[in-house]
Amino acid sequence: TLLLAKGADVNTIGKDGDGNESTALVLAARAVYYGEAGGLELAALLLATGADVNAVGVDEDGYQGPALWLAAMAVHQGKARGLELAKLLGAKGADVNAVGTDSEGNESTALFLAARAMRDGKVGGPELAMLLTSAGALLADSEREEFQALIDQLSHDLYLTLLESTPDSLTVAWRGGLAGARGYTVSLELPSGNTMTSARLTSTASQYTFEEGLGAQTRYRLHVTAWDSAESDGHELERGPVATFETRADPGGGDDSIAVDPNECSSC
């Protein structure tokens, strides 16, 4: 933090004793992979100050790749915070199809590592695969025979869940996504019969908060739509099913716990 405050270049390339080159972001991702404290926090700081999200580094064990590939390696190895790192990198536009090389010289995609994590029952494997495929990730030709069927089993249904309801706001999240989607919108049906729709969200977004125009209501009907562009133009790819949620208390009543209507909420 002190160095960045003094204008340090976040993309400076350093070398270890063996001459292996890496940027600070790759080193932070490597710390996450090896389970070292502070790696995720350092990565977040570097990304916030302009670090090259796709920079490639090499370490003394022969691992070579960008930070996202190392994040996928962390998930594949069952290391904590690998998925969190992948989400941070994805939000900054990391190349989801970049490849990395392991210590034996084997190349792989991040999606291949996510698929292996799924197969092996590692925490975060399915979520990582969904994150990657929703952003356009594909398996390499050499990886498809082993894992394409598993990737094809991923559910990309755009199901909504309700995170929080307050007197003045409503926060929803969606699980799933759609391969090829570049943007999402969330629509809320109002008691008046009108619909309130969010601005176009990027493909890495997974939640949205409505903060105005809700009125006094305890029942909410919403759906999320996937688009082929993150801009205001583009074409609709898929519209998720309508999810209905109810709060147990009137807005302003102080009870923000959520009950879901099982007859209408297909995300339950």
Side-chain angles (χ1 to χ4, degrees), residues 40-41 43-45 47-48 81 83-94 124 126-128 130-135 155-178 181-234 236-262 264-268:
L40 182 66
E41 292 76 12
L45 176 64
L47 288 168
R81 315 198 83 178
L83 181 60
E84 294 176 76
L85 176 59
K87 290 179 178 179
L88 281 176
L89 296 165
K92 289 295 184 177
E127 292 83 357
L128 177 60
M130 293 286 278
L131 174 72
L132 295 169
T133 55
S134 295
S155 170
H156 288 278
D157 291 332
L158 299 169
Y159 287 142
L160 279 164
T161 57
L162 187 54
L163 293 184
E164 183 181 24
S165 173
T166 74
D168 303 310
S169 68
L170 181 77
T171 300
V172 294
W174 53 94
R175 63 178 177 83
L178 185 68
R182 293 294 180 265
Y184 295 100
T185 53
V186 186
S187 298
L188 168 65
E189 298 177 13
L190 300 174
S192 63
N194 295 325
T195 299
M196 183 186 305
T197 300
S198 71
R200 193 72 59 87
L201 309 172
T202 66
S203 62
T204 56
S206 60
Q207 67 181 63
Y208 183 77
T209 299
F210 291 96
E211 297 181 303
E212 297 179 358
L214 294 179
Q217 59 180 313
T218 59
R219 183 179 178 86
Y220 304 93
R221 289 172 52 84
L222 309 98
H223 68 266
V224 62
T225 302
W227 300 83
D228 64 1
S229 171
E231 306 301 327
S232 57
D233 58 355
E236 180 179 315
L237 295 176
E238 179 180 339
R239 180 171 299 188
V242 172
T244 301
F245 307 101
E246 292 186 358
T247 56
R248 293 187 182 134
D250 290 338
D255 181 359
D256 63 357
S257 56
I258 304 301
V260 181
D261 182 349
E264 294 192 56
C265 176
S266 57
S267 67
C268 307

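Not one N or O on the side chain of T195 forms a donor-acceptor pair closer than 3.5 Å with the backbone of S187.
A pairwise comparison of heavy atoms in T202 and Y184 identifies O-CD1, 3.8 Å as the closest pair. Taking each heavy atom of L88 and A44 in turn, the nearest pair found is CD1-CB, 3.9 Å. Across all their heavy atoms, E231 and R200 have their closest contact at O-NH1, 2.7 Å. Of all heavy-atom pairs spanning T185 and A199, the tightest one is CG2-O, 4.1 Å. Among all heavy-atom pairs drawn from Y208 and V186, the shortest one is CB-CG2, 4.0 Å.
In this structure E127 satisfies the salt bridge (Lys or Arg N to Asp or Glu O under 4.0 Å) test with no other residue, sequence neighbours excluded. Under the side-chain hydrogen bond (donor to acceptor under 3.5 Å, both in side chains) criterion, E236 pairs with R239, sequence neighbours left out.
Counting only heavy atoms from C-beta outward, the side chains of L222 and L170 approach each other to under 4.5 Å. E164 has its side chain out of reach of Q207: every pair of non-hydrogen atoms, C-beta onward, lies at least 4.5 Å apart.
Taking CG of L131 as the reference point, atom CG of L89 lies at 9.5 Å (rounded to 0.5 Å). Summarising the geometry, atom CG belonging to L45 is positioned 11.5 Å from atom CG belonging to L40; distances are rounded to the nearest 0.5 Å.
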